[in-house]
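A note on names: the letters A, B, ... follow the listed sequences, proteins ahead of strands, and every chain is numbered from 1.
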Protein chains: 4
Amino acid sequence: MSDSDEGAGRAAQSKRADARRNKETLLDAAAAVFVTSGVEAPVRDIAAKAGVGLGTIYRHFPTRADLIIAVYRHQVDACAEAGPALLATSATPHAALGQWINLFVDFLVTKHGLAAVLQSDNAGFDTLHAYFLDRLVPVCTQLLEAAAAAGEIRSDTDAYELMRGVGNLCIGADSDPRYDARRLVELLIAGLRRPH
Amino acid sequence: MSDSDEGAGRAAQSKRADARRNKETLLDAAAAVFVTSGVEAPVRDIAAKAGVGLGTIYRHFPTRADLIIAVYRHQVDACAEAGPALLATSATPHAALGQWINLFVDFLVTKHGLAAVLQSDNAGFDTLHAYFLDRLVPVCTQLLEAAAAAGEIRSDTDAYELMRGVGNLCIGADSDPRYDARRLVELLIAGLRRPH
Amino acid sequence: MSDSDEGAGRAAQSKRADARRNKETLLDAAAAVFVTSGVEAPVRDIAAKAGVGLGTIYRHFPTRADLIIAVYRHQVDACAEAGPALLATSATPHAALGQWINLFVDFLVTKHGLAAVLQSDNAGFDTLHAYFLDRLVPVCTQLLEAAAAAGEIRSDTDAYELMRGVGNLCIGADSDPRYDARRLVELLIAGLRRPH
Amino acid sequence: MSDSDEGAGRAAQSKRADARRNKETLLDAAAAVFVTSGVEAPVRDIAAKAGVGLGTIYRHFPTRADLIIAVYRHQVDACAEAGPALLATSATPHAALGQWINLFVDFLVTKHGLAAVLQSDNAGFDTLHAYFLDRLVPVCTQLLEAAAAAGEIRSDTDAYELMRGVGNLCIGADSDPRYDARRLVELLIAGLRRPH
DNA sequence: GATGAATGAGTCTTCATTCAT
DNA sequence: AATGAATGAAGACTCATTCAT
């Protein structure tokens, strides 16, 4: 249904509105369940939390990846958009990189199970994988190149690899008080520095 | 049972020998299945691969953790033992640390799913967790302290955390040609260096 | 959901009707299987008999105790309700007690394995246990007290114990033509009489 | 091997002695395990307790019923033999019956799970069933007839049925403090009394 | 569009029993 | 005779996904 339908009857309109509201409810519920049970929580739990039927979830989000993407899209986008801004305002490109990575880590660390799923080779998560990569790798590349151009870091680092590494370091970071992903990521970023 | 039983217990001993051989077969089969299907492969698959019954696996390895430990024990032990040796032969403690970590990474990277399971908070894997930690953390601590004492690295790094981080970086390292865990771990270790 | 939903929820309602019918089918099937294989028959057998999937049983009756209770609820309730009625219509309270117990025995004797399960200390049957007790012990207590008040029986008999005893006497009563639980229970009830 | 072998070599003799000792060990172990885990305890547990192999148990006692019979034979025999004695020494036949039944109850109540197995229609327990019946029913019949002859009880009571009833009342008598099998059996026996 | 009932594949785990050594 | 390793049948339970209403 395209926007040109707008003029259609009140019923259709309200149905669209209902559906939209429904979708939103679903996203809120999913987000809440993800927090407590992780992103691999049973579909039924999410449906129950949202107060909708199972079919409704499958209609709106055919795969789990679709649902996860929808839940975190805003945050991922915000993170992506923060990259250039940080580059503009930070003292050095390397500092910008560090801050941007911190943003990503902060996001990831609080998403129970997301980091794990992000590296899963399960085909069902391909689109999720792709989404994160499409959105964040270019930004990371930009920051990396700026830092390399400034001579702060080596120029042989691949953004994809770095993002994957950072993602991996975030796995299981909640649930283990002796493990601080942020600290390790800091080491990783520090390790990028060009040796004097 | 000492060797002096040899005369009396020929039969028993040969049975023992058979069982031992069987256990080895099992270990080989498990290792093979772990490579292709990961360390969480169905017990039945492993039994099939080994050509034994289900019960035989449960007899030798009551829990999956037991099986995993048995499969990798030699390699983990070898890794643990290599630590002090490297310290003695390397140019600097930091170099020894790097080489030792590389050993660990080489081991882990080839074990499909092991790194993932190593951070799982599933209670069934507690003993597995403990085994790796008991074996490797002390060695890592030793190397870390030596490097700190030599003034090469900061002295605030926790061996447990570092091992977890390295383990995490190894997750999914096979199966993705664009991701090289070794390179990232190198960055991490480089990041430990004391800032001048 | 009230009846005023009728207009809006025709579909939902007919689905509910289907499910209810299905549940009934399930109950019938379970009852039938219980007769032939006892109340501990494999879940799969019941599903097969009912022509439904395994999951359907678990949906309607999460535990075996739930299923057993559902199958026999009507009869247990009927038995419980018969108590006061018998008290009102029988010649004496002791006669009422005897007749009521007979009702219970008639019920139990035909339920292959139920009596056995009723005394099992298996935790899974706790709710089953509780249901029978909650439903029948108070009635039995009432009858016992009436008979005691009438001076027909001793007043030191515990209803719980008596019910358990009667239940036990019913174990294996089918399948053995030489064993008549009714006769023995009669002796037991006769034994309650106050000695002159 | 008949007693005429007695003159055979020391080796054979000592082997016989060993086997006998072994069997005794086994019976002790079985008795102990039966106490803690019931008469349906895993064969392996008994073997472990006895410190012998599984095969040894199966050699001596091909079926579980054989083992149970062997373990309790002495006590069952003693009970059987006590019948006539009690008849001779008690005040009345009915009193003798009561005391004899008490003996049986005392025996049964302390044998975790035995009463349950005694009524099981599982074919594997047929010989066990038969043994108890063969041994005890005649005694019970004798007592019953004596009491009937003395005019103390009705003459229409079947010993087999009574024994089964008493056995049933003993099921689950341990493990439930609110249930006293002895008290109920007393009621049952009291119920036998001829109505005045 | 929404619902949620139904399905059933997939896994784990226990134990009685056999039989080669 | 004794041993105990090996077997595999049996049964429970979960959850993603489909589809009739």
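The partner of dT13(E) is dA10(F), judged by Watson-Crick or G-U wobble contacts that both fall below 3.5 Å. Nucleotide dA1(F) forms no Watson-Crick or G-U wobble pair with any nucleotide shown, as no partner meets the under 3.5 Å limit on both distances.
Each of dT3(F), dA12(F), dA16(E) was ranked by its minimum atom distance to the side chain of Arg64(C); first place goes to dA12(F). In this structure, the nucleotide among dA2(F), dT18(F), dA2(E) sitting nearest to the side chain of Leu54(A) is dT18(F). Residue Asn22(B) places its side chain closer to dA5(F) than to any other of dA5(F), dT7(E), dA16(E).
With rounding to whole Å, Phe61(A) atom CZ is found 17 Å from dA16(F) atom C1'. Distance Arg20(B) CZ to dA5(F) C1': 14 Å, rounded to the nearest Å. Between the OH atom of Tyr58(A) and the P atom of dC15(F) there is a distance of 12 Å, given to the nearest Å. Rounded to an integer number of Å, the gap from CG of Asn122(B) to C1' of dC12(E) is 13 Å. When the C1' atom of dC13(F) is taken as reference, atom CG of Leu67(C) falls 15 Å away, rounded to whole Å. Between the CD1 atom of Ile57(C) and the P atom of dT14(F) there is a distance of 14 Å, given to the nearest Å. Here dT7(F) presents its P atom at 15 Å from CD1 of Ile46(B), a figure rounded to the nearest Å. Look at CG on Asp66(D): it is 12 Å from P on dT17(E), rounded to the nearest Å.
The two atoms that bring Val35(B) and His112(B) nearest to each other are O-CB, 3.6 Å, heavy atoms only.
Between Thr56(C) and dA5(E) there is no side-chain polar atom (N or O) within less than 4.0 angstrom of OP1 or OP2. When the side-chain nitrogen and oxygen atoms of His60(D) are compared with OP1 and OP2 of dA1(F), none of them lie within a distance under 4.0 Å.
Within 4.0 Å of Gly124(A), counting heavy atoms only, lies no atom of the nucleic acid at all.
Across the interface with DNA chain E, nearest-nucleotide mapping of Gly55(C) and Ala41(B) shows Gly55(C) to be the residue nearer the 5′ end. Both Asp45(B) and Val52(C) lie close to DNA chain E; mapped to their nearest nucleotides by heavy-atom distance, the more 5′-ward contact belongs to Val52(C).
Arg64(A) places a side-chain N or O within donor-acceptor distance of the main-chain N or O of Val39(A), the cut-off being under 3.5 Å. With Thr36(C) contributing its side chain and Val33(C) its backbone, the two residues share a donor-acceptor pair below 3.5 Å. Under a 3.5 Å cut-off, the side chain of His129(B) and the backbone N or O of Leu118(B) do form a donor-acceptor pair.
Between the side chains of Asp66(D) and Thr63(D), a donor-acceptor pair is found at a separation under 3.5 Å.
For Arg59(C) and dA5(E), a side-chain-to-base donor-acceptor distance below 3.5 Å is present, hydrogens and geometry of angles not being considered.
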